[in-house]
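Report on one structure; see the data block that follows.
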Amino acid sequence: MKALVPRAFYLDPPEVVARELLGKLLVRRYEGKRLVGRIVEAEAYCGIDDPAAHAYAGKTERNAVIFGPPGFAYVYFIYGMHYCLNISCEPKGHAGCVLLRALEPVEGLDVMARNRGLAPGSDLRLLTSGPGRLCQALAITRLTHNGIDVTSVRSGLHVEDDSRAAGSVEVSRRVGIRKAADRPLRFALAGNRFVSR
DNA sequence: GGAGCGATGTCCT
DNA sequence: GGACATCGCTCCG
């Protein structure tokens, strides 16, 4: 049975939410279709206590969403060409968030391939294995999705729990950062072929 | 299959 | 002006 993940789920600290998001479904409503991926990799960013987090330098116009209430999308633009999707967690005023790094494609694979500019039948790992890739596959941009409520089905982007057992979780260091790189805040489903790198 | 590197916008010092 | 929570292409084995 599929259930919408409620706002209370995101009240916990980011390292808890990141781990518990594994195995859940990210659902994007797009052109009348459902684009669905199972979350297989996520990283925690721990607000103003975490030198690697966007929130570390304090609240700005860009990162305001992560200082707001839990369960909202923080989408930012990086390296001049990629978007990354985070979900805010912890109560309003606390700046934790979780970066979604990889999905296992479940539904709408043909549309994902088109959005990624890939021929049908290409390696499925190219669809959504990586934070920039999954945003492109699901047509998620800052303009369309930053600040939207992922606990509302009407947002066109939400998280579902289909009660499938997630399996064992592998913990490692976060990818692509320089500051606080030694902290074990990356969580992935062990052995899943859609985990990035 | 792995290391090296260029692309390219936005934010912050 | 530099850094950046990335990706895909080249070149080399």
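Proteins get letters first, then strands, A, B, ... in listed order; numbering begins at 1 in each.
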Provide, to the nearest angstrom, the distance between the [atom1] atom belonging to [X] and the [atom2] atom belonging to [N].
| X | N | atom1 | atom2 | answer |
| --- | --- | --- | --- | --- |
| A:Y76 | C:dA3 | OH | P | 18 Å |
| A:I177 | C:dA5 | CD1 | C1' | 7 Å |
| A:H82 | C:dA5 | NE2 | C1' | 12 Å |
| A:R197 | C:dG8 | CZ | C1' | 13 Å |
| A:R174 | C:dT6 | CZ | P | 12 Å |
| A:L85 | C:dA5 | CG | P | 16 Å |
| A:I78 | C:dA5 | CD1 | P | 5 Å |
| A:L118 | C:dC7 | CG | C1' | 12 Å |

To the closest 0.5 Å, what do you measure between [atom1] ([X]) and [atom2] ([Y])?
| X | Y | atom1 | atom2 | answer |
| --- | --- | --- | --- | --- |
| A:I87 | A:I148 | CD1 | CD1 | 9.0 Å |
| A:L35 | A:L109 | CG | CG | 9.5 Å |
| A:T144 | A:Y30 | OG1 | OH | 9.5 Å |
| A:C135 | A:L85 | SG | CG | 5.0 Å |

Around [X], counting heavy atoms of other residues, nucleotides and ligands shown, do more than 12 lie under 6.0 Å from its [atom1]?
| X | atom1 | answer |
| --- | --- | --- |
| A:Y56 | OH | no |
| A:I48 | CD1 | no |
| A:R193 | CZ | yes |

For this session: Just compare C:dA5, C:dT6, C:dC7 and give me whichever is closest to any side-chain atom of A:R133.
Result: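 Nearest nucleotide to the side chain: C:dC7.
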Problem set entry | Outermost DNA chain B nucleotides near chain A [under 4.0 Å, heavy atoms] | B:dA7 to B:dC12
Exercise. So which of residues 52-74 of chain A are in contact with DNA chain C, with a heavy-atom cut-off of under 4.0 Å?
Worked result: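 Residues of residues 52-74 of chain A under 4.0 Å from DNA chain C: A:A52, A:H54.
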Problem set entry | Under 4.0 angstrom between A:R116 side-chain N/O and C:dG8 OP1 or OP2 | yes
For this session: Give a yes/no on whether any side-chain N or O of A:R178 is located under 4.0 angstrom from OP1 or OP2 of C:dA5.
Result: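 For C:dA5, OP1/OP2 do not have a side-chain N/O of A:R178 under 4.0 Å.
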Exercise. Does A:L126 or A:E43 map to a spot on DNA chain C nearer the 5' end, using the closest nucleotide for each?
Worked result: A:E43
For this session: Indicate, with a heavy-atom threshold strictly under 4.0 Å, whether A:G80 touches base, sugar-phosphate, or nothing.
Result: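 It contacts base atoms.
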For this session: Name the nucleic acid region contacted by A:F77, choosing base, sugar-phosphate or nothing; use a 4.0 angstrom heavy-atom cut-off, strictly under.
Result: sugar-phosphate
Exercise. Which dot-bracket string describes DNA chain B (Watson-Crick N1-N3 plus N6-O4 or O6-N4, or G-U N1-O2 and O6-N3, all under 3.5 Å; [ ] crossing; | other strand)?
Worked result: |||||||.||||.
For this session: Tell me whether the guanidinium CZ or amine NZ of A:R38 lies under 6.0 angstrom from the six-membered ring centre of A:F194 and within 45° of its axis.
Result: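 So A:R38 doesn't make the cation-pi contact.
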Exercise. When A:E41 is tested against each of A:R133, A:R186, A:R197 for salt bridge (Lys or Arg N to Asp or Glu O under 4.0 Å), which residue passes?
Worked result: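 Of the listed residues A:R133, A:R186, A:R197, the salt bridge (Lys or Arg N to Asp or Glu O under 4.0 Å) partner of A:E41 is A:R186.
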Mind checking whether [X] and [Y] have side chains closer than 4.5 Å, heavy atoms only?
| X | Y | result |
| --- | --- | --- |
| A:H145 | A:V150 | no |
| A:C46 | A:E15 | yes |
| A:E90 | A:D12 | no |

